[in-house]
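In what follows, a structure is listed as structure tokens, so that the remarks can point back to it.
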Amino acid sequence: MSIATGDADVASAAPAVAPPTLADRCDASAVVGGPDGRTGRGACGAQALIRAVLPSGEDLVFCAHHGREHEVALAAAGATVHDGTGAITA
């Protein structure tokens with residue numbers, strides 16, 4: 001039996017998750033409503049800044065707002081999350 005004794009011997013249990021790209025858009029639905037009276041649910045469509053990979057391998061992307069909203073559920077589902085909101089500059 002082999003025992004890991006250093007950082008180089010230990011593989012990360014969490015898979016690497018690629019950061020969202022500029023082409024990624026939020027997978028979450030949002031309530032749509034406006035001055036034109038349109039209501040209902042539609043795609044959020046905002047730029048995705050958070051990527052979550054579920055244990056099944058399914059890849060989901062969220063805007064910062066929806067990523068925070070679904071954070072607890074993603075953690076409960078065992079998702080590995082890459083939060084790219086730190087790349088936003090004022």
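With hydrogens and angles ignored, the 3.5 Å screen pairs no side-chain donor or acceptor of D27 with any backbone N or O of L60.
Here the shortest heavy-atom pairing between F62 and C26 reads CA-SG, 3.7 Å. Heavy-atom minimum distance, G45 versus R25: O-CD, 2.9 Å. The two residues A28 and H66 come nearest to each other via the heavy atoms CB-CG, 3.5 Å. The shortest heavy-atom contact between P20 and L49 is CG-C, 3.5 Å.
With contacts defined as side-chain heavy-atom distances shorter than 4.5 Å, the pair V81/I50 qualifies. In this structure, the side chains of Q47 and L22 come closer than 4.5 Å at one or more pairs of heavy atoms.
For A46, the side chain to side chain contact (heavy atoms under 4.5 Å, CB included) partners two or more places apart in sequence, or in a different chain, are C44, C63.
Applying the salt bridge (Lys or Arg N to Asp or Glu O under 4.0 Å) rule to pairs touching residues 59-74 yields R51-D59, R68-D83, sequence neighbours excluded.
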